[in-house]
K.L.:
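The structure that follows is given in the form of structure tokens.
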Amino acid sequence: KDIVRFHTIYWPIILMALGEPLPKQVLGHPWVLVGEDKNGDGIYDSLGESYYNRPIVARGYAKIGDTVYYTENSAIRSIGYIATMAQAVDNDSSQLITDIVNKTDVEFVLNEAGKIAAGSADNTGLLYNTLDNSSDAVAAIKVGGITVPSQYVNIQYSVGDSGIATVNGQTITAVSAGTTSLTATCMFNGKEYTLNTTLSTESFVGASDYKILLSANAASIESAAANRLQSVLKEATGVILPIVTETGNETTSEKYISVGATALATKNNVTVNSTKATATAWKTNGNTLFVVGNGDEGISYGVDELLGALVDYEYAKDTYSFASPTSTVLLPFDAVLEPDIEYNYAGNGYLNDWTNDDVRQGLRMDRWYEDMIRFGNDFIHNSLVILDPATYQGSYKKWYVMDKEWSWSSFGYVYTPMELCYTAQGDATAYNAMVSTAATKIFDAFMAEPTKTKASFSIMDTMFDDNTSWACTCSTCKSKGNNSDTVISFLSDLCTAVETKFQNAGDNRADTFKIITTAYHQVYLAPKNLTDMNEHIEVWYAPIEANYTKPLNDGSDSFNNAALNNLQGWANLLNTTGNDLLLWMYSSNAYCLLAPYNNFGSIRANYGIAADNGVDFMYNLGANAQSSWTALKMYLDHELTWNAKPTDDEWNGWIDGFFTAAYGDGATEMRNWFNDFLAMDTSLYNSESGNVSILKQDVATSKYFPKATLEKWLDYSSSAMAALDTSDPNYSVYYNNITLETLTILELLNY
């Protein structure tokens, strides 16, 4: 106390008596003016900074024992606080002190234009806000251009609308999202400075007491889902939820997000009340939120849907978008989520490698193929792979439909097996041998892969050169009805034979195995005479002759009328017996895969039609490249699987969201390009012969894509590139996505 009194009272008085200003050598830092103001006349404050030749960086009451020493703004501060402030301002720099002596040009420095976060510090939520730092509204003041941290200036706040935000000392807490007036004041060098501005409160979640719980034996897809939950929440909210492996001692009184088949979920009988294999559920029990599924895929989907509910998470193209929550997220969080279409997969494109879990999971697309036995290189068209003519034709000529085919080795036409006669031309011995041989091949394949439950037996993907039918025209085949009656009748006998083999082997797959066949080309018609379907048969309807520039229910198109009638015919037969109906649709022109194919006018309607007809698995065959808006089509595929009948706002929102996530600052130009593409006359896709099949249209010509149009699109691409911010962390993703679409233009300009 004596030292303080000497330097702050006696030493200045002595120098004053001598008529001398204080020398600069006295103390090496800006002074803290602290004095005992017994009479309340503020005598020490009357001596200006010019007299002391030092900036007075703090004038305040300092309470020492029972004595209160004068400070300018009447706030009681410890000498330690005031000295610390002086040190922070000076930073051992005499030049800084000189610079701010007698400065009066004071400005407030705002953080993010005065934005602070909304929410509360109530930690009862799954996610909640704990922000209470006033510096998020005003970061600092500047004195003569020199930044002085706000905590050393004692800024005081007031707001106009306490329904938007409240003030407690220097703490501003947002009550709700909105705007209100904000007044900030501070004292400096004996003068009050005031800032009048607008405060914008935003919703923001900044903390959580929860952990992500995984089983000690978590499957890879469960671990991937947990990692995705953690990383997206971190980006969207700043919260890092630790991922922990359960020990077996956990209880629901603890705060967990339990992902997948944990022991805690089993102990609490948490299941999904749905028969759909990809369905998922959220269930709150005590303080624990469970995310479970009817299988690995359901768990992964459940996490993605949870992220959608929490932070508007949407995966687009090698990146994703998200937003901060609008308020504190509270439990319970209970729901059963069922997709409108049970399984979904988009063929080829950047999912050509269907084992790419990151992309597939991002698009919520099922690993349906992983449970299917492959014969040869073609996973579905395999009739002549299973019953290989090279092995069996010598003994069983009646199994095969022959057609002449050019042979370079013979330098002429030779007759080659093109497909099976599914009645062995009425020869009972040959027919039974065909059924038995095929059943043995399939059963042996099942036994070699004990986890598999699906196999295919389907027509080859071939037609005669003149596009006439490969189908057998023998009297026995004709007597069955149409080509589909013949094939399904054979498959029924085949399934019975495979089932018997499973039963004899004591294998419980006798009840669960499936044989998939395609309703394609000359077997696309629904059966004429069949009224029942073997329980092991699943049909994959692939109306390749449809016009996909129009919905299947467009009554003006004869091709689509036929396709819809057959879809309904297959659906009536399969749904009656509980068999799965699979639908194979097309999103590209098979004649020219890089040419943009405008089926955006039909995608949405066709998914609704599929859902109405009980389709269980949607396979949408895309282009073999990622260009031609293929990525957008795949994104829409995954959205439509869960919501097959979106409103206009939902549909447009999906597209807007995709462009923002996929192209960043280039989204506007890319959307302009896409809108220009949509405005094209889709009737141009019809060839002169009127055939709308994607197999028969050569659209890589100036008739379809004039040079002027392509150059206009190239300008959109260039403008989108130019709009990108090279400092954006996702710059390379946006750049690559724009480049991919540009490949289409460059390819077509070469024609």
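Keep in mind the model is a prediction, meaning the values are calculated, not measured. The analysis underlying the following values was restricted to heavy atoms, covering all of them including side chains, and did not include hydrogens, waters or symmetry mates.
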K.L.:
Would you check if Phe674 and Tyr716 make a side-chain contact, meaning some heavy-atom pair closer than 4.5 Å?
P.N.:
no
K.L.:
Do the side-chain N and O atoms of Thr647 and Asp649 include a donor-acceptor pair separated by under 3.5 angstrom?
P.N.:
no
K.L.:
For the residue pair Phe290 and Trp282, is the inter-centroid distance of their aromatic rings smaller than 6.0 Å?
P.N.:
no
K.L.:
Are a donor atom and an acceptor atom from the side chains of Glu338 and Ser274 found within less than 3.5 Å of each other?
P.N.:
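Yes, a side-chain donor-acceptor pair sits under 3.5 Å.
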K.L.:
Compute whether any side-chain donor of one residue and acceptor of the other, for Glu639 and Tyr635, lie under 3.5 angstrom apart.
P.N.:
yes
K.L.:
Not counting sequence neighbours, which residues clear ring pair (Phe, Tyr, Trp, His ring centres under 6.0 Å) with Phe322? List them please.
P.N.:
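Applying ring pair (Phe, Tyr, Trp, His ring centres under 6.0 Å) to Phe322 gives none.
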K.L.:
Would you say NZ of Lys283 has more than 12 non-hydrogen atoms from neighbouring residues, nucleotides or ligands within 6.0 angstrom?
P.N.:
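No.
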K.L.:
Under a 3.5 Å threshold, yes or no: a donor from one side chain and an acceptor from the other, between Asp461 and Tyr520?
P.N.:
yes
K.L.:
Taking all non-hydrogen atoms of both residues, which atom of Pro543 and which atom of Leu583 are closest, and how far apart?
P.N.:
CD-CD1, 4.1 Å
K.L.:
Does the ring center of Phe600 lie less than 6.0 Å from the ring center of Trp629?
P.N.:
no
K.L.:
When you measure from the side chain of Asn560 to the backbone N and O of Asn547, does any donor-acceptor pair fall under 3.5 Å?
P.N.:
yes
K.L.:
Testing the basics here: between Leu552 and Asn606, what is the closest heavy-atom pair and its distance to 0.1 Å?
P.N.:
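Where Leu552 meets Asn606 most closely, the heavy atoms are N-OD1, 2.9 Å.
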K.L.:
For this output row, return yes or no: ring centroids of Tyr541 and Trp584 closer than 6.0 angstrom.
P.N.:
no
K.L.:
Got a sec, which residues hit side chain to side chain contact (heavy atoms under 4.5 Å, CB included) with Ile745, two or more places apart in sequence or on another chain?
P.N.:
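Listed in chain order: Trp673, Leu710, Trp713, Leu714, Leu749.
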K.L.:
Excluding sequence neighbours, so at least two apart, what forms salt bridge (Lys or Arg N to Asp or Glu O under 4.0 Å) with Asp612?
P.N.:
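Testing Asp612 for salt bridge (Lys or Arg N to Asp or Glu O under 4.0 Å), a comparison that skips the adjacent residues, returns Lys645.
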K.L.:
Decide whether Asn613 and Gln568 meet the rule of one side-chain donor and one side-chain acceptor closer than 3.5 Å.
P.N.:
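Distance-only check fails for Asn613 and Gln568.
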K.L.:
Tyr301 and Thr280: which non-hydrogen atoms are nearest, and at how many Å?
P.N.:
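Residues Tyr301 and Thr280, closest heavy atoms: C-CG2, 4.5 Å.
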K.L.:
Check whether any side-chain heavy atom of Asp340 sits under 4.5 Å from a side-chain heavy atom of Trp642, and report yes or no.
P.N.:
no
K.L.:
With no hydrogens and no angle check, just 3.5 Å: does a side-chain donor-acceptor pair link Asn599 and Lys550?
P.N.:
no
K.L.:
Within the side chain of Thr278, is there an N or O that forms a donor-acceptor pair under 3.5 Å with the backbone of Gly298?
P.N.:
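Answer holds: no.
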K.L.:
Examine the side chains of Asn620 and Asp637 and answer whether a donor and an acceptor come within less than 3.5 Å of each other.
P.N.:
yes
K.L.:
Is any NZ, NE, NH1 or NH2 atom of the basic residue among Asp648 and Arg604 found under 4.0 Å from an Asp or Glu carboxylate oxygen of the other?
P.N.:
yes
